Trainee: 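Pasting a structure below so you can have a look.
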Amino acid sequence: MENKQVFLTSTSKAYVVIDIPDLHLKRLWEKKGAKKPIAFDILQQAIYDPSVEYLLNQGILVIDDMDVKIALGLEAEDVKETGKVNLIALSDSDMERYMTVMPIYEFKEKIKELKKEQIFALTDYAIEHELTNMEKCDILKGYTEIDIIRAVQLNRDNEGE
């Protein structure tokens with residue numbers, strides 16, 4: 001895997017930057033869905049930087065290749081047999097499902113599996129798309145302290161002015 005290129009995809013709407021001068025590594029993801037390559041051996045060293053580790057562990061940057069995730073220690077080695085993944089990558093359609101058709105009992109269980117940054121991203125998605133299921137908004141408020149319904153009301157008031 002030494003010469004392999006690993007593609008990292010941004011799940012954040014904000015700019016995401018990795019800058020580690022000692023490794024001559026600098027990458028910028030300009031938008032959600034942007035993919036950038038990094039050599040596996042460089043990424044293997046970069047993951048020891050707390051900021052890179054945080055970006056990968058929180059799902060801000062995701063790697064699609066399960067073998068690479070296992071080699072980097074981001075997933076357990078038995079993940080292929082057990083099917084239990086450490087990090088669930090949320091797409092827009094997944095977030096739509098979470099906030100609309102997913103039953104509340106399933107929502108309560110699934111939300112526990114998400115990382116902190118993913119819960120904030122789900123909250124932002126709900127505000128942006130005005131998804132205001134009262135029970136789900138209350139559950140998210142417990143995690144983020146953000147009142148989705150109030151935020152949607154404020155956005156509408158701002159648009160009306």
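This one's a predicted model, so the numbers in the text were calculated from it and none came from an experiment. Along the sequence shown, the residues carry numbers beginning at 1.
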Trainee: Does a salt bridge link Lys110 with Asp94, judged by any charged N lying under 4.0 Å from a carboxylate O?
Mentor: no
Trainee: Can you tell me how far the CD1 atom of Ile119 sits from the OH atom of Tyr98, to the nearest 0.5 Å?
Mentor: 9.5 Å
Trainee: Would you list the pairs meeting side-chain hydrogen bond (donor to acceptor under 3.5 Å, both in side chains) in which at least one residue belongs to residues 48-61, sequence neighbours left out?
Mentor: Asp49-Ser51, Tyr54-Glu117
Trainee: Excluding sequence neighbours, so at least two apart, what forms side chain to side chain contact (heavy atoms under 4.5 Å, CB included) with Lys26?
Mentor: Asp19
Trainee: For Pro37 versus Arg27, what's the shortest heavy-atom pair and its separation?
Mentor: O-NE, 2.8 Å
Trainee: Search all heavy atoms of Val52 against all heavy atoms of Ala46 and return the closest pair with its distance.
Mentor: CB-O, 3.4 Å
Trainee: List in chain and number order the residues that pass salt bridge (Lys or Arg N to Asp or Glu O under 4.0 Å) with Glu106, two or more places apart in sequence or in another chain; answer none if no residue qualifies.
Mentor: Arg97
Trainee: Could you check Leu140 against Ile146 for side-chain contact (heavy atoms from CB on, under 4.5 Å), going step by step and ending with a plain yes or no?
Mentor: CA-CA 8 Å; Leu140 288 172; Ile146 297 172; over 6 Å; no
Trainee: Under the salt bridge (Lys or Arg N to Asp or Glu O under 4.0 Å) rule, collect the residues that match up with Glu128, sequence neighbours excluded.
Mentor: Lys13
Trainee: Tell me the closest heavy-atom pair linking Glu96 and Leu131, and the distance in Å.
Mentor: OE1-CD1, 4.2 Å
Trainee: Quick check for you: to the nearest 0.5 Å, what is the distance between Asp64 atom CG and Asp67 atom CG?
Mentor: 12.5 Å
Trainee: Step by step, would you call Glu30 with Lys36 a salt bridge (charged side-chain N to carboxylate O under 4.0 Å, His left out)?
Mentor: CA-CA 10 Å; Glu30 301 87 1; Lys36 301 289 176 159; 3.5 Å; yes
Trainee: Tell me the closest heavy-atom pair linking Ile139 and Lys108, and the distance in Å.
Mentor: CD1-CG, 3.6 Å
Trainee: Roughly how far, to the nearest 0.5 Å, is NZ of Lys69 from CE of Met66?
Mentor: 4.5 Å
Trainee: Decide side-chain contact (heavy atoms from CB on, under 4.5 Å) for Val6 and Asp65; before the verdict, give the C-alpha distance in whole Å, the side-chain angles of both, and the deciding distance to 0.1 Å.
Mentor: CA-CA 8 Å; Val6 178; Asp65 189 337; 6.0 Å; no
Trainee: Are Ile104 and Met95 grouped together when hydrophobic residues (ILVMFWY) are joined by side-chain heavy atoms under 4.5 angstrom apart?
Mentor: yes
Trainee: Rest of the hydrophobic cluster containing Val17 (Ile/Leu/Val/Met/Phe/Trp/Tyr, side-chain heavy atoms under 4.5 Å)?
Mentor: Tyr15, Leu28
Trainee: Walk me through whether Met99 and His129 qualify under side-chain contact (heavy atoms from CB on, under 4.5 Å).
Mentor: CA-CA 10 Å; Met99 294 305 297; His129 293 88; over 6 Å; no
Trainee: Answer yes or no: is there a side-chain heavy-atom contact under 4.5 Å between Val62 and Leu8?
Mentor: no
Trainee: Taking only residues two or more places apart in sequence, or in another chain, which ones meet Ile47 in a side chain to side chain contact (heavy atoms under 4.5 Å, CB included)?
Mentor: Leu56, Leu72, Leu74
Trainee: Nearest 0.5 angstrom please: Ile42 CD1 to Ile18 CD1, how far?
Mentor: 12.0 Å
Trainee: Relative to Phe40, does Lys4 satisfy both conditions: NZ or CZ under 6.0 angstrom from the six-membered ring centre, and within 45 degrees of the ring's axis?
Mentor: no
Trainee: Between Asp124 and Leu122, is any pair of side-chain heavy atoms under 4.5 Å apart?
Mentor: no
Trainee: About how many Å separate CD1 of Ile38 and CD1 of Ile63, when rounded to the nearest 0.5 Å?
Mentor: 8.5 Å
Trainee: Under the salt bridge (Lys or Arg N to Asp or Glu O under 4.0 Å) rule, collect the residues that match up with Lys32, sequence neighbours excluded.
Mentor: Asp92
Trainee: Clusters formed by hydrophobic residues whose side-chain heavy atoms approach within less than 4.5 Å: which one holds Ile149, and what are its other members?
Mentor: Met134
Trainee: Nearest 0.5 Å, what's the CG-CD distance between Asp157 and Glu159?
Mentor: 9.5 Å
Trainee: What pairs with Lys115 under salt bridge (Lys or Arg N to Asp or Glu O under 4.0 Å), at least two apart in sequence or on another chain?
Mentor: none
Trainee: Just jot down the side chain to side chain contact (heavy atoms under 4.5 Å, CB included) partners of Ser10, sequence neighbours excluded, or say none.
Mentor: Ser12, Val16, Trp29, Leu61
Trainee: Can you list the residues that meet the ring-ring contact (aromatic ring centres under 6.0 Å, His included) rule with Phe120, with sequence neighbours excluded?
Mentor: none
Trainee: Can you sort out the partners of Asn155 under side chain to side chain contact (heavy atoms under 4.5 Å, CB included), two or more places apart, ordered by chain and number?
Mentor: Ile127
